[in-house]
2 protein chains.
Amino acid sequence: MNVNHVFAALASHPRRQILVFLAQTALSTSDLAARFGTTPPAVSRHLSVLLHAGLVSAERQGQRVLYRLERDVLLDALARFASEMDAPLRRAPREAL
Amino acid sequence: MNVNHVFAALASHPRRQILVFLAQTALSTSDLAARFGTTPPAVSRHLSVLLHAGLVSAERQGQRVLYRLERDVLLDALARFASEMDAPLRRAPREAL
DNA sequence: CATACTATTAACATGAATGTTAATCATGTG
DNA sequence: CACATGATTAACATTCATGTTAATAGTATG
């Protein structure tokens, strides 16, 4: 997992909004499109960015594809960034960014 | 403070990079410009976005203006967003991320 | 297998963000 | 007060992100 990918994904307001919706329950592309007045193609591309960042997972169920928030990935990335911000002098051994 | 302002500020890679530098020590505009090969005007506008979001503070020292990371604001915003993501049921009191 | 429905991709247009150079403002120094 | 240095703003060009519609792919159902 890559903090930069995650933040690139979080960089977009619509995507953060999608995550907020998915925090409640898993939803399909068109569910999400309906929920904030945009079209499925727009949502679909946002979802692919979120997928690539590992922030959501997809599961096909018949015609629909249900997207689910990957909380651990998100919270872990936030925690990593937070600890990076907390690193004034201590440059001790650190694993990945 | 506004989580959206903060995330709008964090949306930019160069700005996150600035924050990483400022996590080490307070720096001036041209210090930062030198540190990642760009020009003072570019840095200056990024800093004004960060200022507006409350993520950094500015203190003039003679000709130079020293910028300082506001850790609390940043960490608080991350924690708020994290708890928003954790929000389906558990709305219990939580300390920092 | 034809049709309907959902999701994704393609192509395009538009608006926002970033960086650059030039100009202006602020501060310090001779 | 003239000049040098650092910071900011302005104006501009370029790139990137977003959304829209149209087309394509996958899945279910009659």
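Residue numbers begin at 1 in each chain, while the letters A, B, ... track the order of the sequences. Just so you know, these numbers come straight off a predicted model, no measurement behind them.
Atoms CG (A:L32) and P (C:dT6) sit 14 Å apart, rounded to a whole Å. What separates CG of A:L47 from P of C:dT6 is a distance of 16 Å, to the nearest Å. Between B:R15 atom CZ and C:dA17 atom P there is a gap of 8 Å when expressed in whole angstrom units. Rounded to an integer number of Å, the gap from CG of B:L10 to P of C:dA17 is 15 Å. Summarising the geometry, the separation between NE2 on A:H52 and C1' on C:dT9 is reported as 17 Å, rounded to the nearest angstrom. Following rounding to the nearest Å, A:R64 (CZ) and C:dT8 (C1') show an atom-to-atom distance of 16 Å. Regarding A:R60, its CZ atom lies at a distance of 12 Å from the P atom of C:dT6, rounded to whole Å. Between the C1' atom of C:dA7 and the CZ atom of A:R45 lies a distance of 14 Å, rounded to the nearest Å.
The shortest side-chain heavy-atom distance between A:F21 and A:L69 does not fall under the 4.5 Å cut-off.
Using a 4.0 Å cut-off, some side-chain N or O of A:S28 falls inside it from OP1 or OP2 of C:dA7. Put simply, B:H46 has a side-chain N or O that comes within less than 4.0 Å of OP1 or OP2 on C:dG19. Residue A:S48 places no side-chain N or O under 4.0 Å from the OP1 or OP2 atom of C:dT8.
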Name each donor-acceptor pair under 3.5 Å that joins a side chain in residues 37-45 of chain B to protein atoms two or more places apart or in another chain, with its distance.
none

Residues 51-63 of chain B side chain polar contacts: donor-acceptor under 3.5 Å, at least two apart:
{"from": "B:S57", "atom 1": "OG", "to": "B:E70", "atom 2": "OE2", "distance (Å)": "2.9"}
{"from": "B:E59", "atom 1": "OE1", "to": "B:R68", "atom 2": "NH2", "distance (Å)": "3.1"}
{"from": "B:R60", "atom 1": "NH1", "to": "B:G62", "atom 2": "O", "distance (Å)": "3.1"}
{"from": "B:R60", "atom 1": "NH1", "to": "B:Q63", "atom 2": "O", "distance (Å)": "3.2"}

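Each of B:V6, B:L10, B:V73, B:V3 was compared with B:L78 under the side chain to side chain contact (heavy atoms under 4.5 Å, CB included) criterion, and only B:L10 meets it.
The salt bridge (charged side-chain N to carboxylate O under 4.0 Å, His left out) check on A:R16 picks up nothing, with sequence neighbours excluded. Evaluation of the ring-ring contact (aromatic ring centres under 6.0 Å, His included) rule for A:F81 yields A:F7 as partners, not counting sequence neighbours.
Between the side chains of B:S28 and B:D31, at least one donor-acceptor pair of N or O atoms lies under 3.5 Å.
Along DNA chain D, read 5' to 3', the first and last nucleotides having any atom under 4.0 Å from a heavy atom of chain A are D:dT18 to D:dA28.
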Exercise for the section: Check the pair B:V20 / A:M85 against side chain to side chain contact (heavy atoms under 4.5 Å, CB included), numbers first and verdict last. Expected result: CA-CA 6 Å; B:V20 171; A:M85 286 304 111; 3.5 Å; yes
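Scanning DNA chain D for stems, defined as runs of 3 or more consecutive Watson-Crick or G-U wobble pairs whose donor-acceptor distances all fall under 3.5 Å, gives the following ranges: C:1-30 with D:1-30.
Nearest approach of A:H46 to A:S12, heavy atoms of both residues: CE1-OG, 3.9 Å.
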